[in-house]
Amino acid sequence: MKLTVLFGGISSEHDISCLSAASILRNLDKEKYEIYAVGITQEGKWFYCPTCDPDRIENGSWERMADKVPAVLSPDRGVHGLMLLHEGKTEAVRLDCVFPVLHGIGGEDGMMQGLLELAGIPYVGCGVAASANSMDKSITKAIVETAGVRQARYFLALREDFERGAEGVVRAAAEALGSFPVFVKPCSQGSSVGVAKAGDMLELAAGLTEAFKLDSKVLVEEFIDGHEVECAVLGNQRPIASTVGEIAPTQAFYTFDAKYKDESSKLYIPAHITETQLETVRQNALRVYAALGCRGLSRVDFFVTHKDGEVVFNELNSIPGFTSISMYPKLFDYEGLHYPALLDRLIELALEEHHG
């Protein structure tokens, strides 16, 4: 099977994508797959990396590899794959499947999925609509509300309103939520990029100012005092939910650094919650997954409140991290579906979805 692993990308999560891709490349069965590793620079240039060296992808030096070949993923279904642009000639590579390991804008938001749909190539993960809807947290909120799943109360702030009258937006957000602290989140960023915790009006104004540098829509959410838990979901029409894992960050909240740089953060599998709460998280994860129309995989994140044990939906990640310390593969490893077999299953699901 000719499989392309797409990594890098134009988003602020470029480096995390490279870490995830390196881990995937180390665990793919080389006897099952003829692997075409294709990296996208932050400027948006595509290159095929023939040597497929996970270490160089992980540390970012793949961009300096002498043997890399400019590449294009053609939307032409007659090509059904890559066009490699060698000096003086063009080589077409017909692909059986694409594994997009692209976090954030340009990879997780439906853009890449739309290109792959045009090309007619099976691909791992959610489709165009589910990807776009889960990338934009405000749209996710609206859809999850119809599913009857409890979620954090929120106020949606728009950049144009903030530019016309920042003080009015700050006051409206504070009044809507009623108390501090609150969290400020750009609607279409992942890995906690641009997220800030605000304890008063001044910090809320500062958080909004920074968030609007990254996005035109920003959520201001109520603070939920609880366990931060995550559930991995796998499947198409009949998905399964893993057990629930818990994150215990040593920082004020689970920031970008806490996720990827601070090794003192603890992961607990299963989470330190009751069996009843664990099952509620699993069932709500499946409800959210179905409501958004997800396929293949997603990681669904919740809080379980310390005060009364209430399960509160946080967000869904349609292309979760796949690094060696990421929760998604760890949760299924706990269930007995080890990393290489998990990758095989994801590729099988991609082919099943494509072929109906």
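Note that this is a predicted model, so its numbers are computed, not measured.
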Any link between L85 and V93 through a network of hydrophobic side chains (Ile, Leu, Val, Met, Phe, Trp, Tyr) touching at under 4.5 Å?
no

Can H103 and S20 be said to form a side chain to side chain donor-acceptor pair (under 3.5 Å), step by step?
CA-CA 9 Å; H103 306 310; S20 291; 3.1 Å; yes

Any chance you could measure S74, atom OG, to R77, atom CZ, to the nearest 0.5 Å?
11.5 Å

Co-members of V312 in a cluster of I, L, V, M, F, W and Y side chains, linked at under 4.5 Å
I224, F303

Partner residues of R56 under the salt bridge (charged side-chain N to carboxylate O under 4.0 Å, His left out) criterion, sequence neighbours left out:
none

How about Y339 and S23: does a side-chain donor come under 3.5 Å of a side-chain acceptor?
yes

Strictly distance-based, threshold 3.5 Å: is any side-chain N or O of N236 a donor or acceptor partner for the main-chain N or O of L349?
yes

Return the CG to CD distance between D333 and E335, rounded to the nearest 0.5 Å.
10.0 Å

Indicate yes or no: does K307 engage D225 in a salt bridge with an N to O separation below 4.0 Å.
no

Apply the test side chain to side chain contact (heavy atoms under 4.5 Å, CB included) to residues L219 and S138: give CA-CA distance (whole Å), side-chain angles for both, the deciding distance (0.1 Å), then the verdict.
CA-CA 7 Å; L219 289 183; S138 65; 4.2 Å; yes

By the rule that ILVMFWY residues connect when side-chain heavy atoms come within less than 4.5 angstrom, directly or transitively, which residues belong alongside I319?
none

Spatial distance of atom OG1 (T305) from atom CZ (R150) [nearest 0.5 Å]
8.0 Å

Using the ring pair (Phe, Tyr, Trp, His ring centres under 6.0 Å) rule, collect all pairs that involve residues 198-249, keeping only residues at least two apart or in two chains.
F162-F212, H227-H306

Taken to the nearest 0.5 Å, the spacing of D53 CG from L25 CG works out to 9.5 Å

If you group Ile, Leu, Val, Met, Phe, Trp and Tyr by side-chain heavy-atom gaps below 4.5 Å, do L95 and I40 land in one group?
yes

Does a salt bridge link R295 with E352, judged by any charged N lying under 4.0 Å from a carboxylate O?
no

Step through the shown structure and confirm whether more than 12 heavy atoms of other residues, nucleotides or ligands are within 6.0 Å of CD on E160.
yes

Salt bridge present between E145 and K141 (N-O < 4.0 angstrom)
no

Do V233 and V288 make a side-chain contact, defined as non-hydrogen atoms from C-beta onward lying under 4.5 Å apart?
no

Check ion pair K330-E230 (N to O, under 4.0 angstrom):
no

Test item: I347 and L28 side chains (from C-beta on) under 4.5 Å apart, heavy atoms
yes

Non-neighbouring partners of S216 that pass side chain to side chain contact (heavy atoms under 4.5 Å, CB included), sequence neighbours left out:
R159

Say you draw a straight line from CD1 of I240 to CG of L234; how long is it, rounded to the nearest 0.5 Å?
5.0 Å

Ring pair (Phe, Tyr, Trp, His ring centres under 6.0 Å) against Y123, all qualifying residues, sequence neighbours excluded:
none

Salt bridge (charged side-chain N to carboxylate O under 4.0 Å, His left out) involving E210 - partner list, sequence neighbours excluded:
K213

Side-chain (T243) to main-chain (P270) donor-acceptor, under 3.5 angstrom:
no

Hey, quick one: are V5 and L297 part of the same hydrophobic cluster, counting side-chain heavy atoms closer than 4.5 Å, chains of contacts allowed?
yes

Please determine, by modelled atom types, if E117 and Q113 share a side-chain donor-acceptor pair under 3.5 angstrom.
no

Given 3.5 Å as the limit, does a donor-acceptor pair link the side chain of R282 with the main chain of A241, or not?
yes

Quick check against the 3.5 Å criterion: does E58 have a side-chain atom that pairs as donor or acceptor with the backbone of D55?
no

Taking G106's backbone N and O only, do any of them form a donor-acceptor pair with D109's side chain (distance below 3.5 Å, no angle check)?
yes

Partners of H338 by ring pair (Phe, Tyr, Trp, His ring centres under 6.0 Å), sequence neighbours excluded?
none

Ion pair present between E221 and K185, side-chain N to carboxylate O less than 4.0 angstrom?
yes

Just do the side chain to side chain contact (heavy atoms under 4.5 Å, CB included) check on L82 and V72 with the steps written out, would you?
CA-CA 6 Å; L82 293 168; V72 174; over 6 Å; no

I'd like to know if the side chain of K68 reaches the main chain of T51, judged simply by a donor and an acceptor atom lying under 3.5 Å from each other, with no hydrogens or angles considered.
no

Side chain to side chain contact (heavy atoms under 4.5 Å, CB included) between F99 and T4, intermediate numbers included
CA-CA 6 Å; F99 199 139; T4 281; over 6 Å; no

Passes side chain to side chain contact (heavy atoms under 4.5 Å, CB included), C294 versus S318? Steps please.
CA-CA 8 Å; C294 297; S318 61; 5.7 Å; no

Residues joined to V128 in its hydrophobic cluster, side chain to side chain under 4.5 Å directly or through other members, sorted by chain and number, are none

Going by ring pair (Phe, Tyr, Trp, His ring centres under 6.0 Å), name the pairs with one or both residues in residues 23-56, residues two or more places apart or in two chains.
Y36-Y48

Between the side chains of E222 and K197, is the shortest nitrogen-to-carboxylate-oxygen separation below 4.0 Å, so that they form an ion pair?
no

Interatomic distance, CG@L346 vs CG@L351, rounded to 0.5 Å, equals 11.0 Å

Are I35 and F7 linked, directly or through other ILVMFWY residues, by side chains that come within less than 4.5 angstrom of each other?
yes

Path from L343 to V98 over hydrophobic side-chain contacts below 4.5 Å:
no

Pairing residues for F332 by the ring pair (Phe, Tyr, Trp, His ring centres under 6.0 Å) criterion, not counting sequence neighbours
Y328

Any side-chain to backbone donor/acceptor pair from D215 onto V218? Under 3.5 Å, distance only.
no

After noting the C-alpha distance and the side-chain angles of S326 and T323, does the key distance pass the side chain to side chain donor-acceptor pair (under 3.5 Å) rule?
CA-CA 5 Å; S326 293; T323 71; 2.7 Å; yes

Keeping E315 on the side-chain end and D301 on the backbone end, is there a donor-acceptor pair under 3.5 Å?
no

Main-chain N/O of E87 paired with K89 side-chain donor or acceptor, under 3.5 Å
no

Does anything in residues 267-287 form a ring pair (Phe, Tyr, Trp, His ring centres under 6.0 Å)? List the pairs, not counting sequence neighbours.
Y268-H272

Checking E63 side chain against T41 main chain: does a donor-acceptor pair fall under 3.5 Å?
no

M327: which of V244, I269, V229 passes side-chain contact (heavy atoms from CB on, under 4.5 Å):
I269

